[in-house]
Amino acid sequence: MMDRVIILASGPSLVREDITAALSSGWPIIAVNSTWQAAPGCSVIYAGDLEWWDYWYARIDSTAELWTCNAQAASRYGLKLHAATGGYNSGMRAVQFAYQQGARHIILLGFDCSTRHGTHWHGDHPAGLRNPGDGSEVRWRGHFTNLGNQLAGADIVNCSRYTALTLFRRLPLAQALKGDA
């Protein structure tokens, strides 16, 4: 069980400086989807989409625990299954997963919930994998709004350098890591 965690999503606001600070903080790190490549020292790689696992599973060279909410991906690749239902995006599910694992202090990075500055910090996914499109931003914010009611007692701080996600309070990363309110 973890009581605190940093979740690194794949929004274009995620930068090397923030990844380095997160990795050196001593906090457990959950990397969402392809962000494991930028944070090979992460504790957990979390991805919800079967297609993502089909493409990336054999390419992952991290010792992180591998988690998904997709039963077919869990079965196919021997991943740990996070039981969850309903609409989601992998970043939202990673927040839900962290909370269900006992995290009550959660820092978010790369949670842009917008394509204003691009699709991901790494650019578009390879051919065959889904990238954000029309309606993604509205759908993402809806996923988080639905999740917000399930996070009683959690202190979630969005430290993304820019974001359209307004559900959680915002602080600069250095301040959030110090525990400043």
Keeping S24 on the side-chain end and T20 on the backbone end, is there a donor-acceptor pair under 3.5 Å?
yes
Centre of Y55's six-membered ring, under 6.0 Å away, within 45 degrees of the axis: is that where NZ or CZ of R59 sits?
yes
Which pair of non-hydrogen atoms, one from A31 and one from C42, has the smallest distance, and what is that distance?
CB-SG, 3.9 Å
Would you mind telling me which of I7, L8, L14 makes a side-chain contact (heavy atoms from CB on, under 4.5 Å) with V32?
I7
What is the minimum heavy-atom distance between Q37 and W56, and which atoms define it?
OE1-CH2, 3.5 Å
Do the non-hydrogen side-chain atoms of R161 and D18 ever get within less than 4.5 Å of each other?
yes
Give a yes or no on whether L50 and L66 share a hydrophobic cluster (residues Ile, Leu, Val, Met, Phe, Trp, Tyr; joining criterion: side-chain heavy atoms under 4.5 Å apart).
no
Can you confirm whether V15 sits close enough to I19 that some side-chain heavy atom of one is under 4.5 Å from a side-chain heavy atom of the other?
no
What is the minimum heavy-atom distance between L79 and A73, and which atoms define it?
CD1-O, 3.6 Å
Close side-chain approach of Y99 and I156, heavy atoms under 4.5 Å
no
Mind checking whether L108 and F168 have side chains closer than 4.5 Å, heavy atoms only?
yes
Minimal non-hydrogen separation, S62 against A64, with atom names:
OG-N, 3.1 Å
Stepwise side chain to side chain donor-acceptor pair (under 3.5 Å) check, W52 with S90
CA-CA 11 Å; W52 188 91; S90 291; over 6 Å; no
Set out, in order, the CA-CA distance, both residues' side-chain angles and the distance that settles side chain to side chain contact (heavy atoms under 4.5 Å, CB included) for V5 and I107, then state yes or no.
CA-CA 6 Å; V5 68; I107 293 175; over 6 Å; no
Any donor-acceptor pair under 3.5 Å linking the side chain of R76 with the backbone of W53?
no
Considering all heavy atoms, the nearest G48-N70 contact:
O-CB, 3.1 Å
May I ask you to decide if the ring planes of H82 and F97 are parallel, tilted or perpendicular, using 30° and 60° as cut-offs?
perpendicular
Do the non-hydrogen side-chain atoms of D54 and Y77 ever get within less than 4.5 Å of each other?
yes
So CD of Q100 and CZ of R93: to nearest 0.5 Å the spacing works out to 8.5 Å
Verify the distance criterion only: is there a donor paired with an acceptor across the side chains of N158 and S160 at less than 3.5 Å?
yes
Check whether any side-chain heavy atom of Y46 lies under 4.5 Å from a side-chain heavy atom of C69, and answer yes or no.
yes
D155/R104 ion pair, N-O < 4.0 Å:
no
Which atom of A98 lies closest to which atom of I106, heavy atoms considered
CB-CD1, 4.2 Å
R170: side-chain hydrogen bond (donor to acceptor under 3.5 Å, both in side chains) partners, not counting sequence neighbours:
none
Rounded distance [0.5 Å steps], CG in L173 versus NZ in K178
11.0 Å
Tell me every residue that passes side-chain hydrogen bond (donor to acceptor under 3.5 Å, both in side chains) with Q72, counting only those two or more places apart in sequence or in another chain.
none
When you measure from the side chain of S43 to the backbone of I30, do you find a donor-acceptor pair of N or O atoms at a distance under 3.5 Å?
no
What I'd like to find out is whether the side chain of I45 reaches to under 4.5 Å of the side chain of I60, using heavy atoms alone.
yes
